2 protein chains.
Amino acid sequence: MAETTAASPKATSKKMRRQEAEALILSAAEKVFAEAGFGGATMQLIADVAGLPKANLHYYFPTKELLYRQVVQNIFQIWLQAADIFDQAEGPEEGIGAYIDAKMEISRRHADGSKVWASEVMHGAPVIQDYLETTLTEWTNGRIEVIERWIAEGRMAPIDPRHLLYMLWATTQHYADFGHQIDTLNGGTPLDDKQWEAAKSNIKSIILRGIGAIK
Amino acid sequence: MAETTAASPKATSKKMRRQEAEALILSAAEKVFAEAGFGGATMQLIADVAGLPKANLHYYFPTKELLYRQVVQNIFQIWLQAADIFDQAEGPEEGIGAYIDAKMEISRRHADGSKVWASEVMHGAPVIQDYLETTLTEWTNGRIEVIERWIAEGRMAPIDPRHLLYMLWATTQHYADFGHQIDTLNGGTPLDDKQWEAAKSNIKSIILRGIGAIK
DNA sequence: TCTGAATTTGACCATACGGTCAGGATGGCC
DNA sequence: GGCCATCCTGACCGTATGGTCAAATTCAGA
């Protein structure tokens with residue numbers, strides 16, 4: 001709001017305004033797609049949330065599917081970034097522990113995006129199937145190698161890396177996708193800072209102990 | 001009204017046909033809702049899958065929402081049934097192990113229902129919020145008591161029962177909700193019997209060891 | 001100040017949707 | 001057979017949706 005009259009004269013260039021408009025629409029779209037699903041979301045509602053006329057949405061994103069695709073790709077990028085932490089680690093305790101922290105942070109900060117991603121995969125990945133087959137497959141195989149090396153080095157128990165990864169994804173993603181259920185069981189209020197820390201701590205404790213990475 | 005033929009073993013009585021028709025519709029609806037979500041599903045498509053005229057659906061289920069509500073309630077019942085195993089157990093290894101087996105079986109046999117349930121919760125539980133607040137809350141609190149007793153008895157490590165339950169739900173549910181992703185990472189083919197056994201075995205191994213229920 | 005490209009928008013359109021209804025078919029029971 | 005409740009269904013309706021378009025507005029650069 002207060003940014004419209006920013007000090008920089010380049011603050012509201014044509015290009016800048018386009019980026020801002022697209023970001024505004026994408027943000028609104030992410031929220032609406034998360035709450036209603038692709039089929040239940042309407043361009044009118046997204047427009048209302050963004051505070052723009054519906055026709056303006058179609059100027060930046062010609063079709064609903066194109067807008068949706070962009071939202072899904074955005075969250076996939078964030079999802080993948082958490083991977084870096086895995087590689088930089090020197091062992092399972094540090095690597096997997098940090099990965100859990102990173103993915104829990106994503107679940108908290110990008111809950112809507114996580115839901116859109118979950119919804120997309122649940123419905124058969126109609127628009128990002130190619131990502132699953134290429135990027136995600138490569139990423140997964142790379143991580144499997146790392147885990148297998150840790151196992152070979154005797155730094156953790158010989159479990160199937162695939163199912164460990166699924167457990168990591170499932171558990172962390174659950175706090176976003178099923179956040180409403182968790183909130184309800186928490187007396188109707190979202191988890192506070194302390195409870196999020198407890199969640200991370202418990203998950204790390206169980207999994208790291210479970211794979212023999214800590215005593 | 002139709003009590004007169006209560007004991008009759010007729011194969012295709014009026015009552016029987018009604019039950020069969022409703023079951024047929026519910027089955028088709030579960031599939032379509034799972035694939036398209038509530039908003040994306042259409043009564044016409046459900047009718048096509050069921051092999052019935054659309055108007056016939058509205059005879060048995062007046063509105064789309066009523067049909068959807070029934071589908072969600074059905075899967076919730078199955079979901080809750082797995083709970084019994086928890087109570088009958090005499091310790092964490094048996095109880096939690098059997099619970100994982102039961103929930104994995106649900107993910108495999110009722111993948112569509114699981115997806116509908118996930119979708120419902122993800123979108124804020126618009127039609128089963130009362131279930132979350134009553135039945136699910138009671139069930140959860142009961143199970144928390146059991147786990148706390150196990151902890152007090154020194155049969156498992158002192159972890160937060162809530163987050164353990166979330167992990168159990170998340171991990172098992174993941175094999176249904178993200179089944180498409182898992183299949184893709186499995187080379188495009190569904191998990192076979194052996195792989196499902198491996199999944200269950202790995203999950204039990206990590207979690208039971210992680211909570212100190214087994215060495 | 002003028003110009004042209006980028007942007008904004010209300011009005012509009014074809015379609016698909018959930019739901020209705022009247023009338024016909026079916027089948028159990030006397 | 002005759003009756004009646006139950007069941008079935010093609011045709012229909014009002015509405016909401018994704019998308020279009022031409023006219024109006026904005027604004028950087030000459």
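Chain letters run A, B, ... following the sequence lines, proteins first, then strands; residues in each count from 1. No experiment lies behind these values; they were computed from the predicted model shown.
- Residues meeting the side-chain hydrogen bond (donor to acceptor under 3.5 Å, both in side chains) test with A:Q173, sequence neighbours left out: A:D177.
- A:D84 meets the side-chain hydrogen bond (donor to acceptor under 3.5 Å, both in side chains) test with no other residue; sequence neighbours excluded.
- Comparing the axis of the opening five pairs of the helix from C:dT1-D:dA30 to C:dC30-D:dG1 with that of the closing five pairs yields an angle of 10°, rounded to 10°.
- A heavy atom lying under 4.0 Å from DNA chain D marks the following residues of residues 57-67 of chain A, by number: A:H58, A:T63, A:K64.
- Legend: side chain to side chain donor-acceptor pair (under 3.5 Å) pairs involving residues 116-126 of chain B, not counting sequence neighbours, sorted by first then second residue: B:Y68-B:E120.
- Every residue was checked against the side-chain hydrogen bond (donor to acceptor under 3.5 Å, both in side chains) condition with B:D183, not counting sequence neighbours, and none meets it.
- Annotation: side chain to side chain donor-acceptor pair (under 3.5 Å) contacts involving residues 47-64 of chain B, sequence neighbours excluded, comprise B:Q44-B:D48.
- Remark: B:N202 pairs with A:I159, A:D160, A:H163, B:A198 by the side chain to side chain contact (heavy atoms under 4.5 Å, CB included) rule, at least two apart or across chains.
- Scored by the ring pair (Phe, Tyr, Trp, His ring centres under 6.0 Å) test, A:W150 finds A:F86 as partners (sequence neighbours excluded).
- DNA chain D lies under 4.0 Å from at least one heavy atom of each of the following residues of residues 23-55 of chain B: B:P53, B:A55.
- Residue pairs meeting the side chain to side chain donor-acceptor pair (under 3.5 Å) criterion with at least one partner in residues 134-144 of chain B, sequence neighbours excluded, are B:D87-B:R143.
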Without placing hydrogens or testing angles, list every side-chain donor-acceptor pair under 3.5 Å for residues 97-110 of chain B, not counting sequence neighbours.
| from | atom 1 | to | atom 2 | distance (Å) |
| --- | --- | --- | --- | --- |
| B:Y99 | OH | B:W169 | NE1 | 3.1 |
| B:D101 | OD1 | B:K204 | NZ | 3.0 |
| B:D101 | OD2 | B:K204 | NZ | 3.0 |
| B:E105 | OE1 | B:K200 | NZ | 3.3 |
| B:E105 | OE2 | B:R109 | NE | 3.2 |
| B:E105 | OE2 | B:R109 | NH2 | 3.4 |
| B:S107 | OG | B:K103 | O | 3.4 |
| B:S107 | OG | B:T172 | O | 2.6 |
| B:R108 | NH1 | B:D193 | OD1 | 3.4 |
| B:R108 | NH2 | B:D193 | OD1 | 2.6 |

